[in-house]
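Every chain is numbered from 1, with letters handed out A, B, ... down the list of sequences.
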Amino acid sequence: VNAGKKTKEERKREAQLEATARVGKQMMTLSLALLRVDALSEALAPKVARVIARQETDEELREEAVKATARLENSDQTSADGLLSLVFATLYAVVEKWQEWKFSDPAVDKLLESPHVKLLAKHRHAVFHADYYDHKDIRRLADQKEAWDWADDVSDAIREALRGWHEEPVPRMKAHLRRLGV
Amino acid sequence: MDGSSKKKRQAEAANAAQILRLKRLASLSIALMRADAAQEQGFKSWSEMAPLVKSDEELATELLEVVRRVSNNDLSRADGLLALHLASLYAVAEKWKAWGFKDDWVDRLLKSPHLATLKGYRHAVFHVDLMDAKGLVALTKQRDVVDWSKELAAAFRAALRAAWSKVPPWPKEGA
């Protein structure tokens with residue numbers, strides 16, 4: 001009568017295998033998404049350095065941005081502005097899935113207790129839906145310079161955590177599955 | 001109610017409408033430049049590796065290795081930045097339609113079924129869907145979407161430049 005029916009142990013084993021494959025894919029996906037954030041940051045750094053080296057006033061920079069916008073031609077400054085917005089927005093996409101997929105790491109989780117997470121979420125929405133350039137959720141992050149350092153710290157912490165996963169996948173996977181209750 | 005206050009209200013309404021139109025034009029332009037900034041850097045990385053002729057399989061293997069190290073090379077930089085360019089371009093298309101902008105070239109391109117593919121791609125990139133999610137796979141299977149997106153970006157640029165060329169001096173808010 002029970003021929004072909006799986007035992008409780010077999011069902012548990014199957015569930016664990018499925019969860020392992022799913023979490024493995026999630027970990028690779030997060031790594032790929034973080035590489036996008038890093039690619040933006042790497043492209044941004046020399047542009048910011050060039051803009052700072054020019055030692056222009058905010059007013060001069062604003063005038064240049066207005067002219068570049070009407071020409072639809074990026075200058076170092078508008079390019080840096082656009083890349084920075086994308087850094088914040090793509091970083092939030094990583095953070096969102098880190099939380100949704102229940103990844104955990106002491107350093108990352110501590111940083112994600114910050115109210116900046118909400119700011120980042122709103123910024124992502126405003127950028128990825130091309131809201132008004134002066135939308136409060138875009139300006140708010142741009143005006144809080146300490147949020148930039150926090151965003152760098154979050155990227156660094158997630159990168160370290162993911163590298164840990166790649167270097168020692170078995171203990172991390174076991175701990176993760178225990179946390180998920182699988 | 002006298003005629004002068006009615007005229008004043010009409011003038012205020014016309015001024016507010018003009019400011020809104022300009023804000024939308026500026027916002028779309030900035031959003032397109034954001035997409036361009038990602039593309040410019042993506043092409044730069046692509047051109048660094050273009051002389052090295054590799055098969056799709058070799059590229060996939062290389063990308064997997066880079067992902068395992070969580071450390072970019074030119075391939076993953078090009079891949080990531082071009083993904084963000086395409087996703088950002090969809091955001092421009094979305095608002096172009098929502099804000100009622102019109103242009104023959106742009107509007108013809110936006111009738112393409114590729115727009116739906118780009119929308120799925122935007123969602124997959126900006127919400128970090130699994131790396132084999134259908135929104136990502138759909139675009140990699142339709143290489144002509146990339147050619148179409150280049151034309152779309154060029155059309156947006158031309159249309160927005162034309163719109164800027166007709167802009168009168170920026171009115172004062174509350175004037």
| task | Measure across A/L30 and A/V94 and return the closest heavy-atom pair with its distance rounded to 0.1 Å. | result | CD2-O, 3.7 Å
| request: Heavy-atom distances under 4.5 Å only: say whether B/S71 touches chain A with side chain, backbone, both or neither. | output: both
| query | What part of A/D131 is in contact with chain B, defined as an atom under 4.5 angstrom from a non-hydrogen atom: side chain, backbone, both or neither? | reply | both
| task | Tell me, for A/L40 versus chain B, whether the close heavy atoms (under 4.5 Å) come from the side chain, the backbone, both or neither. | result | both
| query | Are B/F156 and B/W105 close enough that their ring centers fall under 6.0 Å? | reply | no
| task | Could you please spell out the steps behind the side-chain hydrogen bond (donor to acceptor under 3.5 Å, both in side chains) verdict for B/W96 and B/D107? | result | CA-CA 9 Å; B/W96 173 276; B/D107 296 340; 3.0 Å; yes
| field | B/V70, B/L130, B/L136, B/V67 screened by side-chain contact (heavy atoms from CB on, under 4.5 Å) with A/L32, the one that passes | value | B/V67
| query | If you count heavy-atom pairs under 4.5 Å between each of B/R24, B/R157, B/K44, B/M33 and chain A, which one has the most? | reply | B/M33
| Do B/L82 and B/L32 share a hydrophobic cluster, counting only Ile, Leu, Val, Met, Phe, Trp and Tyr and linking them when any side-chain heavy atoms are less than 4.5 Å apart? | no
| request: Decide ring pair (Phe, Tyr, Trp, His ring centres under 6.0 Å) for A/H176 and A/F103; before the verdict, give the C-alpha distance in whole Å, the side-chain angles of both, and the deciding distance to 0.1 Å. | output: CA-CA 7 Å; A/H176 191 78; A/F103 277 74; 4.7 Å; yes
| Test: B/E94 and B/K119 ion pair at under 4.0 Å | no
| task | Would you mind checking which part of A/A68 comes under 4.5 Å of any heavy atom in chain B, side chain (CB onward), backbone (N, CA, C, O), both or neither? | result | both
| field | Check: B/R34 side chain, A/S85 main-chain N or O, donor-acceptor pair, under 3.5 Å | value | no
| remark: Applying a strict 4.5 Å limit to non-hydrogen atoms, the region of A/T69 in contact with chain B is both
| note | Cut-off 4.5 Å, heavy atoms of chain A, and the answer for B/S29 is both
| Exam field: side chain B/K23 to backbone A/Y132, donor-acceptor pair closer than 3.5 Å | no
| task | Select, from B/Q41, B/E40, B/R161, the one with the greatest count of heavy-atom pairs under 4.5 Å involving chain A. | result | B/R161
| said: Is B/L64 in contact with chain A via its backbone, its side chain, both, or neither, using a 4.5 Å heavy-atom distance? | reply: both
| Winner by heavy-atom pair count (cut-off under 4.5 Å) against chain B, out of A/R71, A/M27, A/K47 | A/R71
| B/A35 portion near chain A, given a 4.5 angstrom heavy-atom threshold | neither
| Is it the backbone or the side chain of A/A33 that comes under 4.5 Å from a heavy atom of chain B, or both, or neither? | side chain
| field | Partner chain B: residue of A/A70, A/A80, A/G82 with the largest heavy-atom pair count (under 4.5 Å) | value | A/A70
| field | Residue, of A/D38, A/L162, A/T90, A/L86, that accumulates the most heavy atom pairs under 4.5 Å with chain B | value | A/L86
| field | Best-contacting candidate, B/L25, B/V128, B/V92, B/L160, against chain A by heavy atom pairs under 4.5 angstrom | value | B/V128
| query | At a heavy-atom separation under 4.5 Å, does B/R69 approach chain A through its side chain, its backbone, both, or neither? | reply | backbone
| said: Test side-chain hydrogen bond (donor to acceptor under 3.5 Å, both in side chains) on B/E65 and B/N73; report intermediate values, then the result. | reply: CA-CA 10 Å; B/E65 266 314 300; B/N73 69 1; over 6 Å; no
| said: Donor-acceptor pair, distance only, cut-off 3.5 Å: does the side chain of A/W165 make one with the backbone of A/R172? | reply: no
| said: If we ignore hydrogens and angles and just use 3.5 Å, is the side chain of A/T57 paired with the main-chain N or O of A/E60 as donor and acceptor? | reply: yes
| field | Interchain contact, A/K97 with chain B, by part (heavy-atom threshold 4.5 Å) | value | side chain
| query | Using non-hydrogen atoms only, which part of A/E73 is less than 4.5 Å away from chain B: side chain, backbone, both, or neither? | reply | both
| request: Examine whether an atom of B/A31 lies under 4.5 Å from a heavy atom of chain A, and if so say whether it belongs to the side chain, the backbone or both; otherwise answer neither. | output: side chain
| message | Counting only non-hydrogen atoms closer than 4.5 Å, does A/Q26 touch chain B with its backbone (N, CA, C, O), its side chain (CB onward), both, or neither? | response | both
| query | Under a 4.5 Å heavy-atom cut-off, does chain A meet the side chain of B/L84, its backbone, both or neither? | reply | side chain
| Are A/R163 and A/H166 close enough, and set up right, to give a side-chain hydrogen bond (donor to acceptor under 3.5 Å, both in side chains), and what steps lead you there? | CA-CA 5 Å; A/R163 281 182 180 157; A/H166 289 287; over 6 Å; no
| query | A/V127 versus chain B, heavy atoms under 4.5 Å apart: side chain, backbone, both or neither? | reply | both
